[in-house]
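Any value given below was found using the heavy atoms of this structure, including those in side chains, with hydrogens, waters and symmetry copies removed.
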Amino acid sequence: MRLVILDDYALASEWAAKYICNRIIQFSPGPDKYFTLGLPTGSTPLGCYKKLIEYHKSGDLSFKYVKTFNMDEYVGLPRDHPESYHSYMWNNFFKHIDIDPSNAHILDGNASDLQAECEDFERKIKEAGGIELFVGGIGPDGHIAFNEPGSSLVSRTRLKTLAMDTILANAKYFDGDLSKVPTMALTVGVGTVMDAREVMILITGAHKAFALYKAIEEGVNHMWTVSAFQQHPRTIFVCDEDATLELRVKTVKYFKALNGKIFYSLWRAAAHLCQAYIPILSSYP
């Protein structure tokens with residue numbers, strides 16, 4: 001497990017975007033070898049998506065041979081609703097890059113058979129060869145996707161009833177009207193994400209500091225589903241300084257020393273985008 005600590009949200013977003021860029025480039029995708037990328041929604045990854053769009057528009061990164069699988073989608077919300085995750089992904093990312101729409105997979109919360117939709121999503125991931133890199137964000141209660149406190153840590157893609165805390169938190173996107181907030185969603189499971197060959201979790205802001213503490217310093221606990229990734233062989237937590245406020249000083253110093261000044265300097269001093277300046281983390285503690 002790695003914890004990469006950057007000064008602020010902008011730098012954390014840029015680091016994450018450059019890491020994704022570098023992973024895709026080093027993978028050398030092509031017509032018979034697609035890079036499979038798991039993606040989140042929410043406010044945290046927006047900065048990362050903006051940077052990836054920049055890299056694409058500058059000609060340094062192509063998504064032509066990338067397949068994406070999104071974490072979740074509301075049930076019953078029209079696909080073209082401004083708060084659906086279909087709309088989020090297309091408006092904030094997909095329409096700005098060269099990905100083939102047929103390669104961008106998002107759960108259908110309006111499917112006639114929701115169980116079959118979940119099973120089909122798992123099948124598509126398997127047929128694509130599994131996820132190479134799954135990027136995720138978390139909520140203040142440590143949930144990843146809609147795997148809220150108490151979720152099984154071996155769960156698969158499924159239908160979930162949303163907790164009241166989640167509904168209250170999402171009300172700001174629906175004019176503050178609780179009656180407009182979806183109460184159910186389709187979500188990948190913790191086990192689905194754990195199957196990825198590498199996982200990168202983005203955690204920024206002081207309001208998520210306690211969740212990072214639970215993820216890093218305490219044991220695996222299904223009440224904090226993000227803690228499951230302690231057991232993944234290749235997990236990177238990318239955070240800003242504000243998110244470390246609940247961590248012990250020695251924990252922060254340990255991971256900063258582990259990453260090393262050279263690691264950080266290589267990234268900051270890069271003369272050109274993406275190419276070989278963020279070393280792929282081939283070894284994990």
Undergrad: Once you round to the nearest 0.5 Å, how far does CG of N92 lie from SG of C48?
TA: 12.0 Å
Undergrad: Can we call the ring centroids of F93 and F63 under 6.0 Å apart?
TA: yes
Undergrad: Considering all heavy atoms of both residues, which atom of L202 and which atom of A16 are nearest to each other, and what is their separation?
TA: CD2-CB, 3.6 Å
Undergrad: Got a sec, which hydrophobics cluster with Y34, joining ILVMFWY side chains under 4.5 Å apart, including via others?
TA: Y65
Undergrad: So which heavy atom on E117 is nearest to which on D108, and how close?
TA: OE2-N, 2.9 Å
Undergrad: Compute the centroid of each ring, for W90 and then for Y85, and state whether the two points are separated by less than 6.0 Å.
TA: no
Undergrad: Could you list the residues that satisfy salt bridge (Lys or Arg N to Asp or Glu O under 4.0 Å) with R123, not counting sequence neighbours?
TA: D120, E127
Undergrad: If every non-hydrogen atom of V66 is compared with every non-hydrogen atom of N103, which pair is closest and at what distance?
TA: O-CB, 3.6 Å
Undergrad: Would you indicate whether the side-chain heavy atoms of V199 and R234 approach each other to under 4.5 Å?
TA: no
Undergrad: So, the side chain of H207 versus the backbone of A243: is there a donor-acceptor pair under 3.5 Å, distance only?
TA: no
Undergrad: Is a donor on one side and an acceptor on the other found under 3.5 Å between the side chain of T244 and the backbone of L247?
TA: no
Undergrad: Any carboxylate oxygen within less than 4.0 angstrom of a Lys/Arg side-chain nitrogen, looking at D195 and K126?
TA: no
Undergrad: Just by distance, do the side chain of E73 and the backbone of H86 share a donor-acceptor pair under 3.5 Å?
TA: yes
Undergrad: Using 0.5 Å steps for rounding, measure from the CG atom of D72 to the CG atom of L186.
TA: 9.0 Å
Undergrad: Side chains of S227 and E218: donor-acceptor distance under 3.5 Å anywhere?
TA: no
Undergrad: Salt-bridge test for E241 and K256: reply yes if a basic N is under 4.0 Å from a carboxylate O, no otherwise.
TA: yes
Undergrad: May I have the step-by-step check of side chain to side chain contact (heavy atoms under 4.5 Å, CB included) for T41 and M71, ending in yes or no?
TA: CA-CA 8 Å; T41 53; M71 285 190 152; over 6 Å; no
Undergrad: Quick one: does R79's side chain have a donor or acceptor within less than 3.5 Å of a partner on S87's backbone?
TA: no
Undergrad: Are Y254 and V249 connected, step by step, through hydrophobic side chains (Ile, Leu, Val, Met, Phe, Trp, Tyr) whose heavy atoms are closer than 4.5 Å?
TA: no
Undergrad: Which residues satisfy the salt bridge (Lys or Arg N to Asp or Glu O under 4.0 Å) test with K180, sequence neighbours excluded?
TA: D175
Undergrad: As a quick check of understanding, evaluate side chain to side chain contact (heavy atoms under 4.5 Å, CB included) for C21 and H56, giving each step before the final call.
TA: CA-CA 9 Å; C21 177; H56 167 67; over 6 Å; no
Undergrad: Is any side-chain heavy atom of T235 closer than 4.5 Å to a side-chain heavy atom of Q230?
TA: no
Undergrad: Side-chain contact test, heavy atoms from C-beta onward, threshold under 4.5 Å: evaluate it for I97 versus L52 and give yes or no.
TA: no
Undergrad: Whether the side chain of N22 engages the backbone of K18 through a donor-acceptor N/O pair (distance < 3.5 Å, no angle test) should be reported.
TA: no
Undergrad: Please answer: with hydrophobic residues joined when any side-chain heavy atoms are less than 4.5 Å apart, are V154 and V190 in the same cluster?
TA: no
Undergrad: On a heavy-atom basis, which atom in S155 and which in N147 lie closest, and how many Å separate them?
TA: OG-OD1, 3.5 Å
Undergrad: Is any side-chain heavy atom of T157 less than 4.5 Å from a side-chain heavy atom of E119?
TA: no
Undergrad: Compute whether any side-chain donor of one residue and acceptor of the other, for Y74 and N170, lie under 3.5 angstrom apart.
TA: yes
Undergrad: Flag the pair T251 / E217 as yes when at least one side-chain heavy-atom distance between them is below 4.5 Å, and no otherwise.
TA: yes
Undergrad: Side chains of R2 and L258: closer than 4.5 Å at any heavy-atom pair?
TA: yes
Undergrad: Checking side chain to side chain contact (heavy atoms under 4.5 Å, CB included) for the pair T161/F146: CA distance, chi angles, key distance, verdict?
TA: CA-CA 9 Å; T161 300; F146 279 122; over 6 Å; no
Undergrad: Hydrogens and angles aside, do E54 and Y49 bring a side-chain donor and acceptor to less than 3.5 Å of each other?
TA: no
Undergrad: Nearest 0.5 angstrom please: W15 CH2 to D7 CG, how far?
TA: 14.5 Å
Undergrad: Side chains of F229 and I144, heavy atoms from C-beta outward: is any pair under 4.5 Å?
TA: yes
Undergrad: Where is the tightest heavy-atom contact between A196 and H232, given as atom of each residue plus distance?
TA: O-NE2, 2.6 Å
Undergrad: Check the hydrophobic clustering (I, L, V, M, F, W, Y; side-chain heavy atoms under 4.5 Å; chains of links allowed) and say if L46 and V238 are grouped together.
TA: yes
Undergrad: First locate atom CD of Q115, then atom CZ of R158, and finally report the distance between them rounded to the nearest 0.5 Å.
TA: 11.0 Å
Undergrad: Ring centres under 6.0 Å, that's the criterion: do F174 and H81 meet it?
TA: yes
Undergrad: Looking at residues at least two apart in the chain, or sitting in another chain, which of them share a salt bridge (Lys or Arg N to Asp or Glu O under 4.0 Å) with D240?
TA: none
Undergrad: Identify the heavy atoms of T44 and S13 that sit nearest to each other, and give their distance.
TA: O-OG, 4.4 Å
Undergrad: Flag yes if L162 and L168 sit in one hydrophobic cluster, no otherwise; membership is Ile, Leu, Val, Met, Phe, Trp, Tyr, and two members link when side-chain heavy atoms are under 4.5 Å apart.
TA: yes
Undergrad: Ring pair (Phe, Tyr, Trp, His ring centres under 6.0 Å) between W224 and F210: does it pass, once the steps are laid out?
TA: CA-CA 10 Å; W224 296 85; F210 193 68; 5.5 Å; yes
Undergrad: Without placing hydrogens or testing angles, list every side-chain donor-acceptor pair under 3.5 Å for residues 131-142, not counting sequence neighbours.
TA:
residue: E132; atom: OE1; partner: R197; partner atom: NE; Å: 2.8
residue: E132; atom: OE1; partner: R197; partner atom: NH2; Å: 3.2
residue: E132; atom: OE2; partner: R23; partner atom: NH2; Å: 3.4
residue: D141; atom: OD1; partner: H143; partner atom: N; Å: 3.2
residue: D141; atom: OD1; partner: H143; partner atom: ND1; Å: 2.4

Undergrad: Are the side chains of I236 and I201 in touch, meaning some heavy atoms are under 4.5 Å apart?
TA: no
Undergrad: Could you measure the distance from the OG atom of S28 to the NZ atom of K33? Nearest 0.5 Å is fine.
TA: 5.5 Å
Undergrad: Can D100 and K64 be said to form a side chain to side chain contact (heavy atoms under 4.5 Å, CB included), step by step?
TA: CA-CA 6 Å; D100 184 334; K64 184 176 181 180; over 6 Å; no
Undergrad: Atom CG of L3 and atom CD1 of I216: how far apart are they, to the nearest 0.5 Å?
TA: 5.0 Å
Undergrad: Listed by chain and number, what are the salt bridge (Lys or Arg N to Asp or Glu O under 4.0 Å) partners of E246, not counting sequence neighbours?
TA: none
Undergrad: Does Y88 use its side chain to pair, donor to acceptor, with the backbone of G42 at less than 3.5 Å?
TA: yes
Undergrad: Hey, quick one: are V252 and M1 part of the same hydrophobic cluster, counting side-chain heavy atoms closer than 4.5 Å, chains of contacts allowed?
TA: yes
